[in-house]
Q: 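So that we are looking at the same thing, I have put the structure below in structure tokens.
Whatever order the structure lists them in is the order used to number ligands and atoms, beginning at 1. As the structure is a prediction and not an experimental result, all values here were calculated from the model. For the numbers below, each heavy atom of this structure counts, side chains included, while hydrogens, waters and symmetry mates do not.
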Amino acid sequence: MEELDQVVTRMVFENYGVEKYHDAHVQSTSYHLRFNKYKNPKKTGMDVGLKPHTDNSFSSILHQNQVCGLEICTKDGDWIVFYPPPSSVLYLAIWSNDRIRPCRHRVSLTEDEERFSIGQFTFMKEVVSIPNELVDEDHPRLYKPLEHLEFFKEIKIIDGKPDRVIQEYCRI
Ligand SMILES: O=C(O)CCC(=O)C(=O)O
Ligand SMILES: [Fe+2]
């Protein structure tokens with residue numbers, strides 16, 4: 001999964017013409033795995049698996065079993081069920097100076113089965129700054145440099161999720 005993250009992230013860096021920063025980015029990356037188990041909603045009466053949120057990682061990759069549940073919020077605010085192949089999804093955040101839209105998502109439980117997922121989330125050991133190449137007159141710098149690990153020390157976790165999103169934390 002680390003390799004998958006590096007390959008996809010390199011493609012993103014190349015797409016924006018900033019591949020020269022990719023090696024340093026990989027050196028700075030710390031990888032974290034989380035296992036999620038969602039009980040059968042027919043047994044618990046609970047159909048909310050995870051409330052709407054945006055990940056605070058630099059990138060996230062999810063693998064899930066055959067039970068659907070991941071939903072993604074579109075630009076127009078509609079929730080759509082995401083029918084993923086077994087391994088998929090990656091969200092990137094503030095580094096792109098908002099060229100990549102953060103992906104708001106949630107987990108709804110509708111099937112008569114347990115759902116399992118594994119997420120790999122990346123965090124940066126070095127300061128994350130928007131590359132100068134992604135800042136110009138049409139795209140003014142929107143975020144201050146981010147101390148990613150400091151951010152996690154400063155926030156509170158409520159219902160398993162941080163009380164602040166990273167975009168608000170470092171917006172200029
Ligand atoms: O279980 C899932 O499919 C989503 C998990 C998720 O969004 C998260 O852990 O942040
Ligand atoms: Fe998430």
Side-chain angles (χ1 to χ4, degrees), residues 1-9 11-12 25-26 28-125 128 142-143 146-171:
M1 270 169 93
E2 289 183 13
E3 207 180 323
L4 178 62
D5 182 78
Q6 289 170 15
V7 169
V8 179
T9 305
M11 285 158 64
V12 173
H25 174 83
V26 171
S28 169
T29 305
S30 158
Y31 302 88
H32 298 256
L33 270 187
R34 188 160 62 230
F35 296 82
N36 298 307
K37 174 180 172 182
Y38 304 95
K39 292 187 180 153
N40 183 331
K42 296 264 156 41
K43 293 193 179 139
T44 60
M46 281 274 297
D47 60 358
V48 177
L50 265 187
K51 290 188 188 154
H53 66 280
T54 304
D55 289 353
N56 286 314
S57 43
F58 189 93
S59 55
S60 314
I61 298 177
L62 290 172
H63 294 250
Q64 50 250 294
N65 69 348
Q66 76 289 354
V67 181
C68 282
L70 186 61
E71 295 178 354
I72 287 178
C73 191
T74 66
K75 256 203 321 241
D76 303 324
D78 299 322
W79 286 97
I80 50 171
V81 179
F82 183 68
Y83 295 100
S87 69
S88 53
V89 187
L90 185 136
Y91 326 102
L92 280 166
I94 54 150
W95 166 87
S96 72
N97 209 17
D98 270 3
R99 281 174 171 73
I100 299 171
R101 201 173 66 86
C103 179
R104 201 165 159 72
H105 54 285
R106 67 184 183 191
V107 176
S108 298
L109 305 170
T110 50
E111 298 197 33
D112 188 5
E113 260 187 281
E114 274 183 341
R115 176 170 198 277
F116 295 94
S117 68
I118 305 176
Q120 177 183 265
F121 303 89
T122 64
F123 302 100
M124 296 301 123
K125 291 177 267 184
V128 180
L142 296 175
Y143 301 105
L146 166 73
E147 294 264 10
H148 209 176
L149 301 177
E150 280 302 309
F151 167 76
F152 287 96
K153 283 190 203 150
E154 288 187 26
I155 56 175
K156 293 198 189 77
I157 303 292
I158 296 169
D159 283 347
K161 285 285 154 203
D163 65 344
R164 291 163 82 182
V165 287
I166 217 153
Q167 280 81 5
E168 284 157 24
Y169 177 78
C170 57
R171 191 177 295 278

Q: Rounded to the nearest 0.5 Å, what separation is found between the CD1 atom of Ile166 and the CD1 atom of Ile155?
A: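 Result: 8.0 Å between the selected atoms.
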Q: Does His105 form a side-chain contact (heavy atoms from CB on, under 4.5 Å) with His53? I'd like the steps, not just the answer.
A: CA-CA 6 Å; His105 54 285; His53 66 280; 3.0 Å; yes
Q: May I ask you to list the atoms of ligand 1 that are less than 4.0 angstrom from any heavy atom of Asn36?
A: 1 (O), 5 (C), 9 (O)
Q: Going by the atom numbers of ligand 1, which of them fall below 4.0 Å from some non-hydrogen atom of Phe121?
A: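 Contacts of ligand 1 toward Phe121, numbered from 1: 8 (C), 9 (O), 10 (O).
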Q: Taking atom CE of Met1 as the centre, report whether more than 12 heavy atoms of other residues, nucleotides or ligands fall under 6.0 Å from it.
A: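 Counting other residues, nucleotides and ligands, CE of Met1 exceeds 12 neighbours.
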Q: Output the list of atoms in ligand 1 that are nearer than 4.0 Å to some heavy atom of Val107, sorted by atom number.
A: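 The list of qualifying atoms is 1 (O), 2 (C), 3 (O), 4 (C).
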Q: Phe123 vs Phe152 aromatic rings, parallel, tilted or perpendicular, using cut-offs 30° and 60°?
A: perpendicular
Q: Looking only at N, O or S atoms in His105, which is nearest to the Fe ion (ligand 2)?
A: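 It is NE2, the N, O or S atom of His105 closest to the Fe ion (ligand 2).
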Q: Does Glu154 CD have over 12 foreign heavy atoms under 6.0 Å away?
A: yes
Q: Using a strict 4.0 Å cut-off to heavy atoms of Leu50, name the atoms of ligand 1 that fall inside it.
A: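 The atoms of ligand 1 under 4.0 Å from a heavy atom of Leu50 are 5 (C), 6 (C), 7 (O), 8 (C), 9 (O).
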Q: Only heavy atoms of Tyr38, strictly under 4.0 Å: list the atoms of ligand 1 that pass.
A: 1 (O), 2 (C), 4 (C), 5 (C)
Q: Using a strict cut-off of 4.0 Å, indicate which atoms of ligand 1 neighbour a heavy atom of Arg34.
A: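 Near Arg34, the atoms of ligand 1 are 8 (C), 9 (O), 10 (O).
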Q: Of all the atoms in ligand 1, which lie at a distance below 4.0 Å from a heavy atom belonging to Arg115?
A: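 Listed by number with element, the hits are 1 (O), 2 (C), 3 (O).
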Q: Is a salt bridge present between Glu150 and Lys153, judged by a nitrogen-to-oxygen distance below 4.0 Å?
A: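 Salt bridge: yes.
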Q: Can you tell me the N, O or S atom of Asp55 that's nearest the Fe ion (ligand 2)?
A: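 Per the distance ranking, Asp55 contributes OD1 as its closest N/O/S atom to the Fe ion (ligand 2).
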Q: Would you check if Tyr31 and Gln6 make a side-chain contact, meaning some heavy-atom pair closer than 4.5 Å?
A: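 Heavy-atom side-chain distance check passes, below 4.5 Å.
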Q: Could you list which atoms of ligand 1 come closer than 4.0 Å to a heavy atom of His105?
A: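 Those of ligand 1 that fall under 4.0 Å from His105 are 7 (O).
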